[in-house]
Novice: 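My questions will all concern the structure given below.
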Amino acid sequence: MGLGFTEDDFKKSPGVFSGGYQMRINLAKVLVSEPNMLLLDEPTNFLDIISIRWLEGFLRNWKSEFIIVSHDRNFIDSVTTHIVGINRCKIRKIKGDTGKYYSLIDKDEEIHEKRRVNEEKKRKQIEEYVNTFRAKARRAKSVQSSIKQLDRMGRIEKLESIRTLSFSFNSVPFRAPVMMETTDISFSYSGEEPYIIKDFSLLVERGDKICIAGANGKGKTTLAKVLAGVKEPVKGTIRVNPQVMMSYYEQGNTAKLHNDITIEDEILLSHPGKHKTDVRNICGAMMFPGDDALKKISVLSGGERSRVLLAKTLLKPSNLLILDEPTHHLDMESCSALFDAVTRYDGAAIVVTHDEYFLHKVATKLIIFLEKRVVVFPGNYSEFLDQIGWASKDVLDAREKARGVMKSPASGNKKEERKRRARELAARREKLGPFEKRIAKLEEDIVASEKEDKILTDELVKSSGEQNAKAIIQLSKDLKELKVKIDSLYDELDGVVTEYEKIKKEVEI
């Protein structure tokens, strides 16, 4: 079935497989029944980045329909054609990606608020008229008509604020350029070879946002624990600046919480000097307002437990964060809040993640776990995908030899490297340039059309308030035609981007 199993894999017991293989086994069971539709509930949970990319490719090639429940924004945008979202207890389906969905939600709520304000203004004017002329006999008929108009109007309620995470880490200043330096560290739980991590060196500088990514079972969490000081390296040295104040977030599904106490007490247990007011404020920020903070840990869902762990991390003053899979179990809005908090954080952060949206948004440097090596990539995630990408070990080795991107700065000829990269970039521009120009033009047209949509919508709101039937009919017609145009532009953009990605893969070395 093309699910990536080898002949040897069929001889193994299912219990020895990693999360990615378990997912493929489960999917194989489903496919044996020859379905014409798939319903996948959080299929990326517990999968590493390589398995997620495999699943993306599988679903893009799936010929029939599927429905996915997921909080992984990058995954959703890469495989789906439509978004079905639940907002304010209402279900809405749109054609497009999550960015378009949230843009439309924001626009709808903006229109709702404008309509509400306009209606309140009109209601106030009518009420003032009624109160002024109620006692005038010659205006009695007009006043009664205005009262009936008020009864017919009803009221547009003001939208209540939706509870979402909004927080920042408790950062303290750090002025030195280097925070931590590891030199040739090796680690295994037995203390002997084979080592999980071998001869690994890393320089953590002030402001670094370093993401750790790679296949499951290779040692990402172990490395995080070694860097956090939870585990000692068998060999090598770790030098930490004395001014460093570290805060470590342990993976939500392995961290120990006390099931028989409340959320508030769990946080106080880790920070006994904190005032209850501070703890309650943090609980509120983590969406446990009021008496919700008195819930027992034992009744919490996976996402709620993760938010408790985040609350404990937030209270600790720090200038170096080490976070192990912090987005696991969080919903999409909570993930966005975390992206923003880590990006704004004044200190350095080292984050284990398989979330490609997070990698794109946050990483300034990467630690990549390959087949039998751990390497530091001195660039962001887009550069990593352009220069190396996720591929088999053989392909990685070939690219490494051709490009030298994994070598230390002192190990190669920098001038030759710059020339080689310049030649590569020139060749890429020649093939990709026309596509990039077309994409830019389509995006420009979409922005202009959506601005026009906003103007027409505002005019429609105004005409509705003035009860201008003729204008309402014309504006409604114009808006309908414009929406068809915008959908057409998005469809064309999807096609051009697909072709662009195809050509981009062809020109990769």
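These numbers were taken from a predicted model, which means no experiment stands behind them.
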Novice: Kindly determine whether K276 and L268 satisfy side chain to side chain contact (heavy atoms under 4.5 Å, CB included), including the steps that lead there.
Specialist: CA-CA 8 Å; K276 272 201 173 186; L268 277 169; 4.0 Å; yes
Novice: Okay, side chain of S103, backbone of G99: is any donor-acceptor separation there less than 3.5 Å?
Specialist: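 No; zero donor-acceptor contacts below 3.5 Å.
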Novice: How long is the gap from SG on C283 to CG on D291, to the nearest 0.5 Å?
Specialist: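 One gets 11.5 Å once the value is rounded to the nearest 0.5 Å.
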Novice: Could you report the tightest heavy-atom contact between L323 and F169, atom names first, then the distance?
Specialist: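 Distance-wise, the nearest heavy atoms are CD1-CZ, 4.4 Å.
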Novice: To the nearest 0.5 Å, what is the distance between CG (L59) and CD1 (I68)?
Specialist: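 The CD1 atom of I68 is 5.0 Å from CG of L59, to the nearest 0.5 Å.
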Novice: Taking the side chain as every heavy atom from C-beta outward, state whether L321 and Y249 have any pair of such atoms under 4.5 Å apart.
Specialist: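 No, too far: nothing below the 4.5 Å cut-off.
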Novice: Search all heavy atoms of M180 against all heavy atoms of L227 and return the closest pair with its distance.
Specialist: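 Nearest heavy atoms, M180 then L227: CE-O, 3.4 Å.
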Novice: Checking N259 against R305 for the side chain to side chain donor-acceptor pair (under 3.5 Å) test, could you report, in this order, the C-alpha distance in whole Å, the side-chain angles of both residues, the deciding distance, and whether it holds?
Specialist: CA-CA 10 Å; N259 287 327; R305 290 173 71 91; 3.2 Å; yes
Novice: Any heavy-atom pair between the side chains of N74 and L359 that's under 4.5 Å?
Specialist: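 No, every pair of side-chain atoms sits at 4.5 Å or beyond.
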Novice: Between the side chain of E264 and the main-chain N/O of R280, is any donor-acceptor distance below 3.5 Å?
Specialist: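 Side chain of E264 to backbone of R280: no pair is present.
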Novice: If you measure from NZ on K296 to CG on D265, what distance do you get to the nearest 0.5 Å?
Specialist: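 That separation rounds to 9.5 Å.
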Novice: Do K312 and S270 have side-chain atoms, one donor and one acceptor, less than 3.5 Å apart?
Specialist: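 There is such a pair (donor and acceptor under 3.5 Å, judged by atom type) between the side chains of K312 and S270.
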Novice: Can you see which heavy atom on A348 is nearest to which on E205, and at what distance?
Specialist: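 Taking every non-hydrogen atom into account, CB-O, 3.8 Å.
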Novice: Evaluate K225 against F187 for side chain to side chain contact (heavy atoms under 4.5 Å, CB included), listing each step before the verdict.
Specialist: CA-CA 11 Å; K225 288 181 176 179; F187 179 85; over 6 Å; no
Novice: Is any side-chain heavy atom of E193 closer than 4.5 Å to a side-chain heavy atom of S188?
Specialist: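 No, every pair of side-chain atoms sits at 4.5 Å or beyond.
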Novice: Below 30° counts as parallel, above 60° as perpendicular, anything between as tilted: where do the rings of Y381 and H360 land?
Specialist: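 Rings of Y381 and H360: perpendicular, as their planes differ by over 60°.
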Novice: For D292 and M287, indicate whether the former's side chain and the latter's backbone hold a donor-acceptor pair under 3.5 Å.
Specialist: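 Judged by distance alone, no pair lies under 3.5 Å.
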Novice: Looking only at heavy atoms, what is the nearest atom pair of N319 and V172, with distance?
Specialist: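 Shortest heavy-atom contact: CB-O, 3.3 Å.
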Novice: Taking K114 for the side chain and D458 for the main chain, is one N or O donor matched with an acceptor at less than 3.5 Å?
Specialist: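 Not confirmed, K114 side chain does not pair with D458 backbone.
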Novice: Starting from the C-alpha separation in whole Å, work towards a yes-or-no answer on salt bridge (Lys or Arg N to Asp or Glu O under 4.0 Å) for E356 and R53.
Specialist: CA-CA 10 Å; E356 290 198 84; R53 284 185 148 248; 3.0 Å; yes
Novice: So that I can tick it off, tell me whether E450 and K107 are bridged by a salt bridge, with the cut-off set at under 4.0 angstrom between side-chain N and carboxylate O.
Specialist: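 No.
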Novice: Indicate whether any N or O donor in one side chain lies under 3.5 Å from an N or O acceptor in the other, for D48 and S51.
Specialist: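 Result is yes, a qualifying pair exists.
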Novice: Answer yes or no: does atom CZ of R175 have more than 12 heavy-atom neighbours from other residues, nucleotides or ligands under 6.0 Å?
Specialist: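 Counting other residues, nucleotides and ligands, CZ of R175 stays at 12 neighbours or fewer.
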Novice: Return yes if some donor-acceptor pair links the side-chain N/O of E109 with the main-chain N/O of D106 below 3.5 Å, else return no.
Specialist: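 Absent.
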Novice: Which of parallel (below 30°), tilted (30 to 60°) and perpendicular (above 60°) describes F58 and W54?
Specialist: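 Judged by the thresholds at 30° and 60°, the geometry between F58 and W54 is parallel.
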Novice: Please indicate whether K198 has more than 12 foreign heavy atoms, meaning atoms of other residues, nucleotides or ligands, lying under 6.0 Å from its NZ.
Specialist: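 For K198, atom NZ is not crowded (no more than 12 foreign heavy atoms under 6.0 Å).
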Novice: Is the count of non-hydrogen atoms from other residues, nucleotides or ligands lying under 6.0 Å from K365 atom NZ greater than 12?
Specialist: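 Check passes, neighbour count above 12.
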Novice: Mark yes or no for whether N281, through its side chain, and T277, through its backbone, hold a donor-acceptor pair below 3.5 Å.
Specialist: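 Answer holds: yes.
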Novice: Yes or no on side chain to side chain contact (heavy atoms under 4.5 Å, CB included) for C335 and R73, after CA distance, side-chain angles and deciding distance?
Specialist: CA-CA 9 Å; C335 287; R73 189 165 177 174; over 6 Å; no
Novice: So, the side chain of K316 versus the backbone of M246: is there a donor-acceptor pair under 3.5 Å, distance only?
Specialist: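 Yes, because the side chain of K316 sits within donor-acceptor range (under 3.5 Å) of the backbone of M246.
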Novice: Please check if the side chain of S186 supplies one atom and the backbone of D199 the other of a donor-acceptor pair under 3.5 Å.
Specialist: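 Checked: pair present.
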Novice: Main chain of V117, side chain of K158: is a donor-acceptor contact present, judged purely on distance under 3.5 Å?
Specialist: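 No; zero donor-acceptor contacts below 3.5 Å.
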Novice: How far apart are the C-alpha atoms of H271 and D278, what are their side-chain angles, what is the distance that settles it, and do they pass the side chain to side chain contact (heavy atoms under 4.5 Å, CB included) test?
Specialist: CA-CA 11 Å; H271 304 279; D278 295 330; over 6 Å; no
Novice: If you measure from CE on M245 to CG on L320, what distance do you get to the nearest 0.5 Å?
Specialist: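 M245 atom CE to L320 atom CG measures 11.5 Å (nearest 0.5 Å).
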Novice: Are any of the side-chain heavy atoms of I367 and V374 separated by less than 4.5 Å?
Specialist: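 When only atoms from C-beta onward are counted, V374 and I367 do touch, with a gap below 4.5 Å.
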Novice: In Å, rounded to the nearest 0.5 Å, how long is the span from OG1 of T81 to CG of D97?
Specialist: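 Spacing of OG1 (T81) from CG (D97) equals 11.5 Å.
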Novice: So does E444 pair up with K441, basic N to acidic O under 4.0 Å?
Specialist: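 Here E444 does not pair with K441 in a salt bridge, since their nearest N and O are not under 4.0 Å apart.
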Novice: Over all heavy atoms of both residues, which pair between V244 and V240 is shortest? Give the atoms and the distance, please.
Specialist: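 Looking at all heavy atoms of both residues, the closest pair is CB-CG1, 3.7 Å.
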Novice: Surrounding CD of E110 (heavy atoms of other residues, nucleotides or ligands, distance under 6.0 Å), is the total greater than 12?
Specialist: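 Result for CD/E110: enclosed.
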Novice: With heavy-atom distances below 4.5 Å as the criterion, would you say the side chains of F200 and P233 are in contact?
Specialist: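 No - every pair of side-chain heavy atoms lies 4.5 Å or more apart.
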Novice: Aromatic ring centroids of F339 and Y357 under 6.0 Å?
Specialist: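 Between F339 and Y357, the centre distance is under 6.0 Å.
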Novice: Going by heavy atoms in the side chains, are E304 and K295 under 4.5 Å from each other?
Specialist: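 Yes; the side chains approach each other to less than 4.5 Å.
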Novice: Under the side chain to side chain donor-acceptor pair (under 3.5 Å) rule, what do T183 and R239 come out as? Steps first, then yes or no, please.
Specialist: CA-CA 8 Å; T183 306; R239 289 184 288 275; 3.3 Å; yes
Novice: Is the shortest side-chain heavy-atom distance between I238 and V226 below 4.5 Å?
Specialist: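 Counting from C-beta outward, I238 and V226 do come under 4.5 Å.
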Novice: With no hydrogens and no angle check, is any side-chain donor or acceptor of K209 less than 3.5 Å from a backbone partner on G347?
Specialist: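 Yes; judged by distance alone, with no hydrogens or angles, the pair exists.
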Novice: Can you tell me how far CG of D445 sits from CD of E452, rounded to the nearest 0.5 angstrom?
Specialist: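 If we round to the nearest 0.5 Å, E452:CD and D445:CG are 11.5 Å apart.
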Novice: Counting only heavy atoms not in E113, do more than 12 fall under 6.0 Å of its CD?
Specialist: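 Yes, the 6.0 Å shell around CD holds more than 12 heavy atoms from other groups.
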Novice: Here's one to test your reading of the geometry: is the NZ or CZ of K100 within 45 degrees of the ring axis of Y490 and under 6.0 Å from its centre?
Specialist: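 The answer is yes, since K100 meets both limits relative to Y490.
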Novice: With a 4.5 Å cut-off on side-chain heavy atoms, are Y101 and V84 touching?
Specialist: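 Heavy-atom side-chain distance check fails, nothing below 4.5 Å.
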Novice: Could you tell me which non-hydrogen atom of S70 sits nearest to which non-hydrogen atom of F75, and how far apart they are?
Specialist: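 The answer is OG-CD2, 3.9 Å.
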